[in-house]
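The structure appears below as structure tokens.
In what follows, residues are counted from 1 in the order of the sequence shown. When a ligand or atom number is given, it counts from 1 through the structure's own listing order. What you see is a predicted model; the values in this text were computed from it and never measured.
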Amino acid sequence: MIDFKTIEYNSENNELVILDQTRLPEEEVYLTLRTAEEVCLAIRHMKVRGAPLIGVTAAYGVVLAARTSNQEQIRKACDLLRSARPTAVNLSWAIDRMERTLSQSNDPFTLLVAEAKAIEREDKAACKSIGDNGAELISDNAKIMVHCNAGALATSGIGTALGVIYTAKQQGKKICVFSCETRPLLQGARLTSWELTKNGIDTFTICDNMAATFMPDMELVLVGADRIASNGDVANKIGTRGLAIIANYYQVPLYVAAPLSTFDFTMASGDQIPIEERTDDEVRRFNERCVVAPSAKICNPAFDVTPSQLVSGIITEQGIISRPYTDNIANFK
Ligand code: MRU
């Protein structure tokens, strides 16, 4: 079904090949990364993006460093990769795993390759199970609103929120997706429309400010997550909270689809989650043109936090978590 690979590690040359997501939908271009520094920049500049895929990519970034470096240099590479983006906890979760593996041997390269491959394999399997668990929520002829890109492009598997949609389609259900464009970087317009149409899903791209107009027709809203606190508060792409408020007003359920690697059990609530602030230029410029008065100030938080009261359920690889979140999430620790 998915006919592209977001990431591929080449063990013969110790190289990482990634699909450059900044070039989509115009061009399907693959980049070869050879150092942890290159991987860090690819994550920071969002050539690879999406919480689970950032984790898998960073794990292979450690592998690239490990071939020629000593323990201390590999640890420095880990720190660098960890700093690439702050909100998606999958990044530090993957680096923590790689660092634990690193401590197990003085000659850790083979172990690190195996661990990165395990992280990738587990991500694929989690996506598949999230798809199976979430598809039961979707009826035939459902209209579903999505935000940003929580699809195959955001993982090494079939995706989380979009994985649910692909699985429901495979079960024979007819689905129509309304994809919010997701300013400023347009992951919904550029990426979600690309992968959904490639997979034969009926898709309308709408501007973010059209969400309230179309919401009353939706069966549900499906989004991904970058970090979920212990009380069920969800950090996801900026605009998710607005969608959740609109969905709540129209009594449309909003479900979050995310693997357990996206839960941060150390954070009691969403207000502790670090929110990435990105450069002014992403808002100031549109399609190479400056669209904001040069002296006007800009805000550009990349994520927001949706309070758990607005979340109808969290679809994970181990089942759907419902309220009360604090008690139910604790069972997954
Ligand atoms: O800034 P991005 O494009 O990395 O943000 C991605 C999202 O917000 C996704 O919804 C989230 O990472 C989940 S991906 C399965």
Side-chain angles (χ1 to χ4, degrees), residues 2 6-7 18-22 24 42-58 84-94 122-124 126-131 134 145-166 179-196 208 221-228 234-244 254-264 270 273-279 282-283 300-306 311 314-317:
I2 306 292
T6 50
I7 189 160
I18 56 153
L19 173 56
D20 182 350
Q21 301 196 21
T22 60
L24 292 171
I43 294 173
R44 196 167 282 157
H45 296 152
M46 294 174 62
K47 293 176 188 297
V48 270
R49 31 76 42 212
L53 185 59
I54 293 174
V56 175
T57 309
R85 292 188 74 191
T87 303
V89 75
N90 308 61
L91 174 58
S92 49
W93 168 87
E122 289 166 28
D123 176 47
K124 283 194 174 74
C127 288
K128 161 95 180 53
S129 303
I130 288 170
M145 192 173 287
V146 299
H147 191 58
C148 192
N149 175 269
L153 285 168
T155 67
S156 58
I158 60 168
T160 57
L162 300 191
V164 170
I165 291 170
Y166 295 137
S179 161
C180 298
E181 63 175 352
T182 320
R183 271 283 281 155
L185 295 181
L186 302 173
Q187 290 94 325
R190 293 186 305 104
L191 308 178
T192 295
S193 72
W194 184 78
E195 67 163 274
L196 286 180
D208 296 322
V221 178
L222 261 180
V223 295
D226 285 79
R227 195 183 292 234
I228 302 174
V234 174
N236 190 49
K237 180 53 56 190
I238 189 80
T240 304
R241 190 195 317 176
L243 279 190
L254 176 139
Y255 282 87
V256 173
L260 293 171
S261 54
T262 302
F263 286 73
D264 187 340
I273 298 176
I275 300 295
E276 177 180 10
E277 186 74 29
R278 293 187 61 88
T279 79
E282 291 178 354
V283 174
N300 189 15
F303 299 95
D304 59 24
V305 175
T306 298
V311 175
I314 307 174
I315 308 162
T316 75
E317 64 271 43

With heavy atoms under 4.0 Å as the rule, classify the contact between [X] and ligand 1 as side chain, backbone, both or neither.
X: C148; result: side chain
X: K237; result: both
X: M46; result: side chain
X: A88; result: neither
X: N149; result: backbone

Could you tell me whether K124 and E122 have a side-chain N and a carboxylate O separated by less than 4.0 Å?
no
Should D20 and K47 count as an ion pair when the cut-off is N to O under 4.0 Å?
yes
Any N/O of R49 closer than 3.5 Å to an N/O of ligand 1?
yes
Does any N/O atom on N236 come nearer than 3.5 Å to any N/O atom on ligand 1?
yes
Testing I43, T22, L153 one by one against R49 for a side-chain contact (heavy atoms from CB on, under 4.5 Å), which residue passes?
L153
Passing candidate, side-chain contact (heavy atoms from CB on, under 4.5 Å) with T57, options T6, N90, I7:
I7
Return the closest protein heavy atom for [atom] as residue, atom name and distance.
atom: atom 8 (O) of ligand 1; result: D226 OD1, 2.9 Å
atom: atom 12 (O) of ligand 1; result: A51 N, 2.9 Å
atom: atom 15 (C) of ligand 1; result: T160 OG1, 3.1 Å
atom: atom 14 (S) of ligand 1; result: A154 CB, 3.4 Å

D264 vs I273 side-chain heavy atoms within contact, under 4.5 Å
no
Does some side-chain heavy atom of T262 sit less than 4.5 Å from a side-chain heavy atom of T160?
no
Where do V89 and S261 come nearest, in terms of heavy atoms and distance?
CG1-O, 3.5 Å
Give the minimum heavy-atom separation between A51 and A88, together with the two atoms involved.
CB-CB, 3.7 Å
Under 4.0 Å, counting heavy atoms only: does [X] come that close to any atom of ligand 1?
X: A302; answer: no
X: R85; answer: yes
X: T262; answer: no

Below 4.0 angstrom from a heavy atom of G50, which ligand 1 atoms are there? Numbered from 1 as shown, please.
4 (O), 12 (O)
Show which atoms of ligand 1 fall inside a sub-4.0 Å distance from at least one heavy-atom site of Q187.
1 (O), 2 (P), 3 (O)
CG-NE2 distance between L222 and H147, expressed to the nearest 0.5 angstrom
13.5 Å
Distance, nearest 0.5 Å, that separates CG of L243 from SG of C148
11.0 Å
